[in-house]
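What follows is a single structure, written as structure tokens, with notes after it.
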Amino acid sequence: GQQLNQSPQSMFIQEGEDVSMNCTSSSIFNTWLWYKQDPGEGPVLLIALYKAGELTSNGRLTAQFGITRKDSFLNISASIPSDVGIYFCAGRSTTSGTYKYIFGTGTRLKVLA
Amino acid sequence: DVKVTQSSRYLVKRTGEKVFLECVQDMDHENMFWYRQDPGLGLRLIYFSYDVKMKEKGDIPEGYSVSREKKERFSLILESASTNQTSMYLCASSTSGFLSPYGYTFGSGTRLTVV
């Protein structure tokens, strides 16, 4: 089945650093979502994007819907130890059905205090 | 607080056993999904259901079946568990349509070990 290309796969950063990750698709999407999964838990929705070029923030997190509609970006500013986890992107288009999202492979983030 | 509840956080089963993973949601969602999560492979869709008694195969249905007799409950069945089915299993639910843009609500997961 189709999956989104998400990069990087993993990253170690120092506390206080900014983090960037991205997700690309071969298809055009009309919704992009970003989830975070804490260790041992299920993914939780962080940010939802519905329009090309849209920039949305949630605290220290900022996500953008790429203008080509084939990519999305997530930035975390001034990382803290509780940012550790796996970040997933998810996208949806008319060709994937009105309810089914396609997920990225995840970016595993580790923050060194 | 709305939620998706998976009946077990951890399970250990023997090879060849029939295994039932249960998922219940209290949001009156039409759609429910079962994923497995393995390191480096992300979330892979096993089965999904868009209505009671309806089911569709996802990307990796082999070795699994599902049951949805009531709207709020979606069960994943491993007919004869094998060691390669050791994984984290995630249940999710959602409403239908583009007017419901909030993606899926996930359960906390069941970590299954088959020995």
Side-chain angles (χ1 to χ4, degrees), chain A residues 1-10 21 23-25 28-51 54 56 58 63 65 72 74 85-108 110, chain B residues 1-10 21 23 25 27 29-51 54-62 88-111:
Chain A
Q2 183 183 359
Q3 281 193 314
L4 304 177
N5 293 318
Q6 193 170 343
S7 66
Q9 286 190 348
S10 64
M21 60 190 78
C23 210
T24 59
S25 166
I28 289 175
F29 286 150
N30 47 32
T31 304
W32 281 98
L33 307 175
W34 284 92
Y35 284 85
K36 183 196 176 196
Q37 183 180 27
D38 289 325
E41 298 293 331
V44 173
L45 183 66
L46 296 173
I47 293 177
L49 303 160
Y50 309 114
K51 214 164 112 173
E54 180 180 356
T56 298
N58 178 3
F65 194 136
S72 181
L74 178 69
I86 304 175
Y87 293 80
F88 289 100
C89 60
R92 183 172 71 175
S93 71
T94 53
T95 58
S96 71
T98 59
Y99 46 78
K100 202 152 56 98
Y101 282 86
I102 298 168
F103 283 84
T105 48
T107 294
R108 184 179 295 271
K110 298 190 180 182
Chain B
D1 192 20
V2 294
K3 61 169 85 173
V4 176
T5 303
Q6 294 184 231
S7 54
S8 304
R9 294 295 299 267
Y10 299 95
L21 303 183
C23 176
Q25 51 97 1
M27 296 166 283
H29 283 173
E30 294 85 358
N31 309 310
M32 296 188 75
F33 307 83
W34 275 106
Y35 286 86
R36 67 175 281 176
Q37 181 180 17
D38 301 289
L41 298 178
L43 301 176
R44 294 184 291 167
L45 182 62
I46 304 171
Y47 267 96
F48 63 102
S49 167
Y50 51 87
D51 202 353
M54 305 299 288
K55 60 185 179 185
E56 286 195 28
K57 293 180 181 179
D59 301 319
I60 51 164
E62 295 78 20
M88 170 75 117
Y89 289 87
L90 290 165
C91 175
S93 71
S94 76
T95 59
S96 294
F98 277 99
L99 295 180
S100 301
Y102 299 111
Y104 302 162
T105 302
F106 283 90
S108 298
T110 296
R111 185 163 293 283

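All of these numbers come straight from a predicted model, not from anything done at the bench. In what follows, every chain begins at residue 1, and chains take the letters A, B, ... in the order their sequences are listed.
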Per-residue contact mode, B/Leu43 against chain A (heavy atom under 4.5 angstrom): both
Proximity breakdown for B/Leu45 and chain A, heavy-atom pairs closer than 4.5 Å: side chain
Approximate separation, where rounding is to 0.5 Å, of B/Gln25 CD and B/Asn31 CG: 9.5 Å
CD-CZ distance between B/Gln37 and B/Arg111, expressed to the nearest 0.5 angstrom: 7.5 Å
Part of A/Glu41 lying under 4.5 Å from any heavy atom of chain B: both
CA sep, side-chain torsions, deciding dist, call: A/Phe103, B/Phe33, ring-ring contact (aromatic ring centres under 6.0 Å, His included): CA-CA 13 Å; A/Phe103 283 84; B/Phe33 307 83; 8.8 Å; no
Contacting moiety of A/Gln6, where chain B heavy atoms sit under 4.5 Å: neither
Other residues, nucleotides, ligands: >12 heavy atoms within 6.0 Å of B/Arg44 CZ: yes
